[in-house]
Amino acid sequence: MTEITEVPSPFCGIGTDDLAIRVDGLSLQVAANGCAVNTPGFEQPITDTSPRVGGQAVDLDTAVAKAAALLRDTKQPVIAGCATDVNGMRGLLALADKSGAVVDNVNFPAARRNLLALQDSGWMNTTLAELKNRCDVLLIVGTDLEAFAPRFFERYLWNEQSMFLDNTASRDVIYLGKAPSGDASTSPAGKTATVLTCADADLPDVVAVLAALIKKQPVLAQNVAGIAVTDLQAVADKLKTAQYGVILWGAAALAYDHAELTVQTICNIVKDINLQGTRCSGFPLGGREGDQTANQVCGWTTGYPARVNFARGYPEYDPFLYDSQAMLANGEADALIWVHAFNVNAKPPRTTLPTIVIGRSGMTFEKEPDVFIPVGTPGIDHAGHAYRLDNVVAIRLKKLRDSGLPSTAEVLHAIEQAL
Amino acid sequence: MLIKLTGGTVYDPASGIAGQQQDLFIQDGRIVDAPTDGRPVDQEYDLRGKVVMSGAIDMHTHIGGGKGNIARTLLPEDHRLDPVHRTPVTRSGNGHAMPSTYVAGYRYAEMGYTACFEPAVLPINARQAHMEMGDTPIVDKGGYVMLGSDDFLLRMLTAKKDQKAINDYVAWTLNAAKGIGIKVVNAGGINAFKFNQRKLDLDEKNSHYDVTPRQILQTLARAVKELGITHPLHVHGCNLGVPGNLETTLNTIQGIEGLPMHLTHIQFHSYGTEGDFKFSSGAAQIAEAINQNKNISADVGQILFGQTVTASGDNMRQHANHRFASPNKWVCMDIECDAGCGVVPFKYKDQNFVNALQWAIGLEIFLLVEDPWRIFLTTDHPNGAPFTSYPHLIRLLMDRSFRNDMLATIHPEAQKMTTLASIEREYSLSEIAIMTRAGAARIIGLKDRGALSPGNFADITVYTENADRQAMFTKPDYVFKDGELVVRDGQVVKVTWGTTHIVKPEYDLSIENELKPYFDKYLTMKLGNFKISDDEISEDGRGSLTAHPLRGAA
């Protein structure tokens with residue numbers, strides 16, 4: 001048995017890299033700094049070690065040849081999931097380019113809310129180390145932050161020392177919309193978060209009123225969605241008098257129509273505060289299961305985030321049209337490749353089309369795919385790179401054990417070569 | 001395989017060759033002497049009547065790192081106008097203002113470029129820069145690692161650490177991030193913006209650290225010199241784009257006290273405040289200062305008219321300029337107690353007075369700086385214009401009548417405010433070869449590149465002589481990269497993968513005794529996970545590292 005320290009997590013998106021992992025053969029145990037997201041991710045046992053074609057165990061070459069044969073005469077394959085590391089995405093995009101496939105990241109419907117806001121008006125954002133050292137007022141919009149990332153508060157808010165705050169425990173935390181699910185947002189000194197709750201569907205109104213107050217526009221209403229306007233005015237005042245306010249949101253939690261407009265309003269609040277002479281930054285949550293990685297690698301390879309179509313011999317981006325779920329449902333696709341190297345529970349969408357699954361060992365299916373190739377998990381079975389939620393930092397994932405499982409990149413490259 | 005390039009007209013300023021007809025021989029990727037042992041030539045190219053230069057080198061182009069990817073993501077409409085089809089040898093992608101990485105590599109090679117250097121590698125974002133450059137085919141690459149707004153350096157300066165400790169930190173960072181030089185962007189200004197300072201003059205103190213830009217520049221320029229790094233400190237000065245910043249730039253030149261310094265995109269730092277619009281050309285004074293101070297070199301950052309996107313580490317100035325964003329969307333980021341970035345799309349218009357005068361100022365500087373070994377042809381891609389406009393820029397420099405025809409079309413008040421029409425200089429082919437090849441290799445410290453002498457790597461570009469220099473430089477007949485034919489008639493025919501150029505200055509390992517607790521306490525990544533290992537560059541089988549000697553080393 002060995003213990004490996006300073007292990008970065010590919011699972012949580014916030015880039016924790018202080019885990020200690022005990023390795024005993026193929027078995028992993030999180031010995032330090034685990035959490036509800038990371039520990040199951042690391043400790044998932046290996047079950048499948050060989051690929052299957054039509055439910056029968058075969059060697060890798062046979063599975064690759066079958067996958068290539070299934071793809072060879074397709075007119076519009078889709079490669080969905082896209083949950084892998086940088087090299088996995090490189091391999092995926094090379095295969096998509098050659099086969100004329102649609103590429104669609106599994107978390108794109110949430111990421112789209114941010115991307116539409118970005119591509120319409122832009123934003124001013126920050127990263128984790130700035131937040132850890134500078135943020136004195138944190139406004140959390142519509143999101144249960146500790147459920148998303150259980151260690152967020154411990155690592156980035158209640159850190160013992162910061163470069164520019166005398167006492168991190170005096171930070172102001174404000175929840176707008178959802179209430180926190182636990183006590184992690186209570187500071188070590190016992191200071192509790194301000195919580196102003198409303199229904200998700202009312203967030204656009206609440207955020208719009210806050211935006212108006214920031215811009216000093218007249219607001220006639222006394223309350224909005226059950227929140228007193230005076231309470232929102234207090235939030236606006238806090239942001240405007242902060243040294244370095246941060247407004248955080250999780251796009252996945254904003255699960256209502258046109259949530260991109262809420263994101264845009266949040267981003268405009270940040271810009272307006274900066275225009276009025278105070279520093280403030282936005283902070284979008286994300287980065288779980290490779291979604292930032294998919295968008296980054298697709299970004300530099302094609303110019304677009306990870307919902308593109310190569311059918312015409314060059315990448316075309318449409319954040320709505322190339323939705324793999326809709327394409328499968330509407331009969332617009334003729335084959336499915338599902339790539340998910342992180343999560344055994346992230347299974348391919350139901351379809352009667354030829355299906356190739358390149359997935360984490362242990363994935364089970366309601367309907368056996370035509371080809372299943374179990375792959376290693378980046379950061380466990382092979383080294384790699386993954387993007388953290390703040391999009392700037394790529395973390396170097398470590399290899400922890402010798403499972404003999406191929407990487408996503410190796411499998412996709414082999415299929416591309418065989419095509 | 002022995003390849004013979006027969007009878008070309010060679011421009012190789014590093015060897016003192018200016019337009020002589022001669023043969024070149026290539027073997028095993030390198031230029032070799034003419035064989036004397038009777039070995040047969042395996043392949044011959046008849047280059048009689050053609051111009052032969054070494055592969056061009058872009059010493060300042062934003063081709064790798066997160067801000068470029070933000071720019072790409074921000075502008076889908078720009079990509080839609082320039083889709084690039086897959087071919088039997090090349091990948092698909094998109095072009096124009098911020099091309100996808102594959103397309104950037106192909107288009108550079110198709111213009112005869114064989115090496116490109118990313119000038120703003122944030123240490124914390126260096127992995128991304130290398131991964132993007134790793135997906136940029138054919139050309140060699142490298143990066144200048146950004147310091148000067150990182151909190152660790154500013155803490156050291158506040159604590160009055162000695163120069164040796166600074167040198168250790170600089171060398172450690174350069175090794176960890178794998179760069180070939182050190183860059184400063186708006187020294188201390190990116191940091192000051194995080195403390196809500198909205199401008200920072202050369203002698204203005206950071207409100208938290210009590211340190212001035214001048215101190216930062218002097219300290220880092222000294223570190224670069226004392227560590228033996230060939231490339232001088234690469235400086236994006238204070239007050240970019242501000243009318244009157246001419247004075248800041250002249251002060252920066254004087255203030256460096258004779259240490260080697262490279263001033264980048266000098267065009268954006270050469271503005272006066274004269275005239276009805278309170279905006280005038282400082283090109284003559286800037287050029288004169290460069291002529292007088294042999295320790296100074298510069299690249300121009302020429303602007304050319306049309307749509308582009310500015311992508312800079314200087315989020316202080318980018319935030320100030322966001323009101324000129326076209327289309328009206330922009331991004332600023334504060335990054336990891338390390339640096340920042342700002343991405344603002346711009347459309348430079350010939351009928352806009354300021355843009356028109358910016359265009360003229362850049363050309364004035366090109367033409368008034370006398371020594372082509374100390375001035376470099378850049379648009380600061382994509383900031384002044386996309387790199388694909390270089391052939392047009394070369395024609396502007398080489399063809400006075402064309403230049404004056406263009407001048408006659410710009411905003412009339414700008415025409416009145418520039419002396420461009422009276423400047424007679426036309427760049428020669430040798431001078432173009434210096435600024436885009438020999439001089440660039442020399443100032444970056446590239447061994448074995450940028451010259452055609454035996455022993456050098458065979459990065460060679462062949463053009464058909466054409467009085468229309470834009471046409472000539474747009475479409476080389478042949479481009480050889482490390483001795484392999486990669487481009488024929490302006491089209492990629494083979495895809496290779498260049499190397500990554502770095503330097504590895506030595507340092508006292510005990511610097512990690514201070515850095516480790518700093519990382520543990522304040523940053524979000526462990527020190528060991530921050531450092532980029534060699535295998536990260538080479539593990540996919542395409543990339544490699546080439547370490548260059550330091551000054552004074554053998």
Leading residue by heavy atom contact count with chain A [cutoff under 4.5 Å; candidates B:G93, B:P327, B:A325, B:P99]: B:G93
Within residues 80-89 of chain B, residues adjacent to chain A where the heavy-atom gap is under 4.5 Å: B:R80, B:P83, B:V84, B:H85, B:R86
Proximal component of A:K98, with respect to chain B [non-hydrogen, under 4.5 Å]: both
Which portion of B:D78 sits near chain A, non-hydrogen atoms under 4.5 angstrom: neither
Proximal component of B:K67, with respect to chain A [non-hydrogen, under 4.5 Å]: neither
Contacting moiety of A:D120, where chain B heavy atoms sit under 4.5 Å: backbone
Option in B:L74, B:L523, B:D135, B:V103 with maximal non-hydrogen atom pairs under 4.5 Å from chain A: B:D135
Structural part of B:N69 lying under 4.5 Å from a heavy atom of chain A: side chain
Under 4.5 Å from a heavy atom of chain A, the part of B:N94 involved: both
Which atoms of A:S162 approach chain B - backbone, side chain, both or neither, heavy atom under 4.5 Å: backbone
Matching residue for B:M525 among A:D18, A:L128, A:D17 - test: side-chain contact (heavy atoms from CB on, under 4.5 Å): A:D17
Spacing of A:Q161 atom CD and B:K521 atom NZ [to the nearest 0.5 Å]: 4.5 Å
Step-by-step side-chain hydrogen bond (donor to acceptor under 3.5 Å, both in side chains) determination, A:R388 to B:T524: CA-CA 11 Å; A:R388 218 167 68 175; B:T524 53; 2.8 Å; yes
Heavy-atom closest contact (A:G303 atom, B:S100 atom, distance): N-CB, 4.0 Å
For A:Q119 against B:T73, the heavy-atom pair lying closest together: NE2-O, 2.8 Å
Test side-chain hydrogen bond (donor to acceptor under 3.5 Å, both in side chains) applied to B:S92 and A:D97, step by step: CA-CA 7 Å; B:S92 70; A:D97 198 358; 2.9 Å; yes
Ring-face cation of A:R396 near B:F530 (centre distance under 6.0 Å, axis angle within 45°): no
A:F164/B:F195 under ring pair (Phe, Tyr, Trp, His ring centres under 6.0 Å): CA gap, chis, key distance, verdict: CA-CA 10 Å; A:F164 313 114; B:F195 293 102; 4.9 Å; yes
Side chain / backbone / both / neither for B:N315 at chain A, heavy atoms under 4.5 Å: neither
Proximal component of B:A129, with respect to chain A [non-hydrogen, under 4.5 Å]: neither
Option in B:M98, B:H208, B:H322 with maximal non-hydrogen atom pairs under 4.5 Å from chain A: B:H208
Per-residue contact mode, A:Y317 against chain B (heavy atom under 4.5 angstrom): both
Max heavy-atom pair count under 4.5 Å with chain B, selected residue of A:N295, A:V270, A:N274, A:L131: A:N274
Criterion salt bridge (Lys or Arg N to Asp or Glu O under 4.0 Å) on B:E336 and A:K132, from CA distance to verdict: CA-CA 9 Å; B:E336 289 297 280; A:K132 178 176 175 180; over 6 Å; no
Region of A:V392 in contact with chain B, defined by heavy-atom distances below 4.5 Å: both
Chi angles and distances behind the side chain to side chain contact (heavy atoms under 4.5 Å, CB included) call for B:R91, A:T301: CA-CA 9 Å; B:R91 294 275 296 272; A:T301 307; 3.6 Å; yes
Partner chain B: residue of A:A394, A:G122, A:P315 with the largest heavy-atom pair count (under 4.5 Å): A:P315
Heavy-atom pair of closest approach, residues B:D151 and A:M163: CB-SD, 3.7 Å
Leading residue by heavy atom contact count with chain B [cutoff under 4.5 Å; candidates A:Y156, A:Y304, A:Y244]: A:Y304
Engaged part of A:A94 at the chain B interface, taking heavy atoms whose separation is under 4.5 Å: both
Check against side-chain hydrogen bond (donor to acceptor under 3.5 Å, both in side chains), B:E536 and A:H385: CA-CA 9 Å; B:E536 293 183 59; A:H385 292 101; 2.7 Å; yes
Contact class of A:L93 relative to chain B, heavy atoms under 4.5 angstrom: both
Region of B:E77 in contact with chain A, defined by heavy-atom distances below 4.5 Å: neither
Ring-face cation contact, B:F193 with A:R279, 6.0 Å cut, 45° max: yes
Which portion of A:N87 sits near chain B, non-hydrogen atoms under 4.5 angstrom: side chain
A:W123 six-ring centre to B:K329 NZ/CZ under 6.0 Å and within 45° of normal: no
Chain B contact via A:H413 - which portion, at a heavy-atom distance below 4.5 Å: neither
Chain A contact via B:R127 - which portion, at a heavy-atom distance below 4.5 Å: side chain
Under 4.5 Å from any heavy atom of chain B - which part of A:N391: backbone
